[in-house]
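Heads up, the thing below is written out as structure tokens.
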Amino acid sequence: MNKVAGIIRVDRKVLDIDKVLQMGMTFRWRKHGQIWHGVIGRNAVQLEQKNEGVAYSCVNGDSSDSGLNSELIRFFDLERKYEIPHDDENLTNAVGKYEGIRQLQLDPIETLYSFICSSNNHISRISSMMTFLGSKGDLLAQIKSDTDVEPNLFRYQAFPSIETLAQLTEQELRAANFGYRAKFIVKTSASILENGGNSWVETLKSEDYVVAVEKLMTLAGIGRKVADCIALYGLNKRESIPLDVHLIRLANRDYNLKEAEKGLTPTRYEGIVARLRETWGRDAGWVQTVLFYKELQLSKEKKKSPKSKREKNKPRTEKKEVKVEVKEEPVELQSEAQVSSRKGPVVTTRRRAAQKIKTECDEMPLKKAKEEEF
DNA sequence: TATCGACCTGTTGGG
DNA sequence: CGAACCAGGTCGATT
């Protein structure tokens with residue numbers, strides 16, 4: 001039945017597919033029983049994590065075995081050995097506790113649309129929106145699922161071309177629950193088409209990080225943070241740090257960042273991100289992913305256990321050995337946050353902002369160490 | 001350049 | 001049960 005199958009021998013500590021496929025990097029993978037179903041390029045792929053590694057099979061036979069194998073290695077970024085600052089105890093602990101997270105190398109176009117949908121949104125809805133967009137793509141395969149009661153069917157669909165996406169109307173998208181992002185999708189599809197379609201997005205991969213971000217931000221619905229998400233997961237830009245209140249919050253707590261969580265202006269965004277890059281080193285983007293995952297887990301734990309009013313005032317940070325290298329000053333931070341505004345970074349001067357990034361990037365040496373790890 | 005409100009919709013902390 | 005200095009932001013207008 002499965003034309004192509006194999007196994008990638010990789011430890012769960014290096015790659016944990018349960019984590020990376022549902023933490024908010026990619027949104028169209030589904031797990032039925034022990035099997036993950038999804039699409040990579042034009043391959044309808046099934047994955048299962050085992051002790052020996054990740055078993056894979058391709059159910060539509062588009063790819064040769066060796067081809068799919070190397071595509072998966074690329075997809076999961078397995079050729080890279082992430083590096084972290086040796087003296088960062090907080091990070092060392094987080095990496096040790098939340099193992100197997102990778103900086104996925106996803107399809108640029110799908111990633112672009114994913115993160116337009118991500119604004120002011122949560123994973124489950126982004127997933128349903130992306131499934132809707134995916135439903136416009138070529139059907140590669142479909143399978144019946146024993147465990148999935150409702151649709152009882154999983155459809156593997158290639159992500160649609162820009163030409164196809166450009167046919168969607170705002171009305172149709174709003175009916176599909178895209179909300180105000182419907183307009184972004186319509187406008188951006190048209191713009192990309194004007195720029196040259198799929199190939200224009202693909203070429204962003206070979207651009208410098210700063211240029212890529214600058215170009216992405218010319219599109220509707222793509223601001224600074226979303227551009228960073230696309231750059232990180234879709235364009236393989238490791239210096240990219242998608243910055244939001246959660247990241248500021250954790251950096252305030254664990255890295256003495258001392259920044260207000262709100263009122264994130266373009267200038268402040270660049271400044272904070274530059275500092276974090278310095279702190280986290282050349283794999284800052286991956287570090288952000290790990291720490292973000294940690295926050296996700298902490299907030300889940302928090303939700304599970306009903307909290308007393310006492311606990312609420314004392315934000316607990318599971319630090320039994322997590323040594324915060326610097327003292328926190330929450331009071332001061334709060335007052336800062338109150339002074340600053342509530343919402344709304346504005347990007348009136350994108351070129352200016354981009355130039356600033358460039359300066360910062362030039363200072364950052366990017367050596368190309370590469371190691372095998374599986 | 002910074003600041004603000006509006007924007008879809010789902011979830012949640014309070015009353 | 002219905003607001004909310006909400007929630008993984010961006011845009012456009014205004015200063």
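Chain identifiers are assigned alphabetically (A, B, ...) following the order of the sequence lines, protein sequences preceding nucleic acid strands; residue numbering begins at 1 within each chain.
- A distance-only check finds no donor-acceptor pair linking the side chain of A:D283 to the backbone of A:W286 [under 3.5 Å].
- When heavy atoms are screened at a 4.0 angstrom cut-off, A:A220 is found touching the sugar-phosphate backbone but no base atom.
- In terms of phosphate contacts, A:T267 brings a side-chain nitrogen or oxygen within less than 4.0 Å of OP1 or OP2 of B:dA2.
- The P atoms of B:dG14 and C:dA7 are separated by 12 Å, rounded to the nearest whole Å.
- One P atom belongs to C:dT15, the other to B:dA6, and the distance between them is 16 Å to the nearest Å.
- If you take atom P in C:dC11 and the same atom in B:dG10, they sit 23 Å apart, rounded to whole Å.
- Checking B:dT9, C:dC11, C:dG9 against the side-chain heavy atoms of A:K225 singles out C:dG9 as nearest.
- Spacing between atom NZ of A:K262 and atom C1' of C:dG9 amounts to 13 Å, rounded to whole angstrom units.
- With hydrogens and angles left out, the side chain of A:R181 and the base of B:dC7 share no donor-acceptor pair within 3.5 Å.
- Counting any heavy atom pair closer than 4.0 Å across all strands shown, A:G221 reaches sugar-phosphate atoms only and no base atom.
- Straight-line distance from the CD atom of A:Q22 to the P atom of C:dG8: 16 Å, rounded to whole Å.
- Between the CG atom of A:L264 and the C1' atom of C:dC5 there is a distance of 16 Å, given to the nearest Å.
- When both pairing distances are held under 3.5 Å, B:dG10 makes a Watson-Crick or G-U pair with C:dC6.
- A:K187 has its NZ atom 15 Å from the P atom of C:dT10, to the nearest Å.
- In this structure, A:K183 atom NZ and C:dG9 atom P are separated by 20 Å, rounded to whole Å.
- Counting non-hydrogen atoms under 4.0 angstrom, A:I126 reaches nothing in the nucleic acid.
- If you take atom C1' in C:dG8 and the same atom in B:dA2, they sit 23 Å apart, rounded to whole Å.
- Nearer the 5' end of DNA chain B, as judged by each residue's closest nucleotide, is the contact made by A:S119, out of A:S119 and A:S124.
- Here the separation of C:dA4 from B:dG5, taken at their C1' atoms, is 15 Å to the nearest Å.
- A 3.5 Å limit on both hydrogen-bonding distances identifies no Watson-Crick or G-U partner for B:dT1.
- Residue-to-nucleotide contacts include a donor-acceptor pair under 3.5 Å from the side chain of A:N120 to the base of C:dG9.
- As judged by a 4.0 angstrom heavy-atom cut-off over every strand, A:M129 is placed among residues making no nucleic acid contact.
- Looking only at distances, no side-chain donor or acceptor of A:E48 sits under 3.5 Å from a matching main-chain atom of A:G53.
- Counting only distance, with no hydrogens or angles, the side chain of A:D88 and the backbone of A:W280 share no donor-acceptor pair below 3.5 Å.
- Side-chain atoms of A:N90 never come within 3.5 Å of backbone atoms of A:D254 as a donor-acceptor pair (strictly under, hydrogens ignored).
- Look at the P atom in both C:dG9 and B:dT1: the space between them is 24 Å, to the nearest Å.
- Distances shorter than 4.0 Å separate some side-chain N or O of A:R174 from OP1 or OP2 on B:dC8.
- A:Y269 contributes no side-chain N or O that forms a donor-acceptor pair with the base of C:dG9 under 3.5 Å.
- One interatomic measurement links the two molecules: CD1 of A:I116 to P of C:dT10, which rounds to 10 Å at whole-angstrom precision.
- A:D244 places a side-chain N or O within 3.5 Å of a backbone atom of A:H246 that can act as its donor or acceptor partner.
- Between A:N177 and the phosphate of B:dG10, there is a side-chain N or O to OP1/OP2 separation shorter than 4.0 Å.
- One can place CG of A:L219 at 19 Å from P of C:dG9, the figure rounded to the nearest angstrom.
- In this structure, OH of A:Y180 is placed 7 Å from C1' of C:dT10, rounded to the nearest angstrom.
- One finds no side-chain N or O of A:H122 lying less than 4.0 angstrom from the OP1 or OP2 phosphate oxygen of C:dG8.
- Listed for the A:D208 side chain is no donor-acceptor partner under 3.5 Å among the backbone atoms of A:V210.
- Ion pairing between A:D228 and A:K237 fails under the 4.0 Å rule for side-chain N and carboxylate O.
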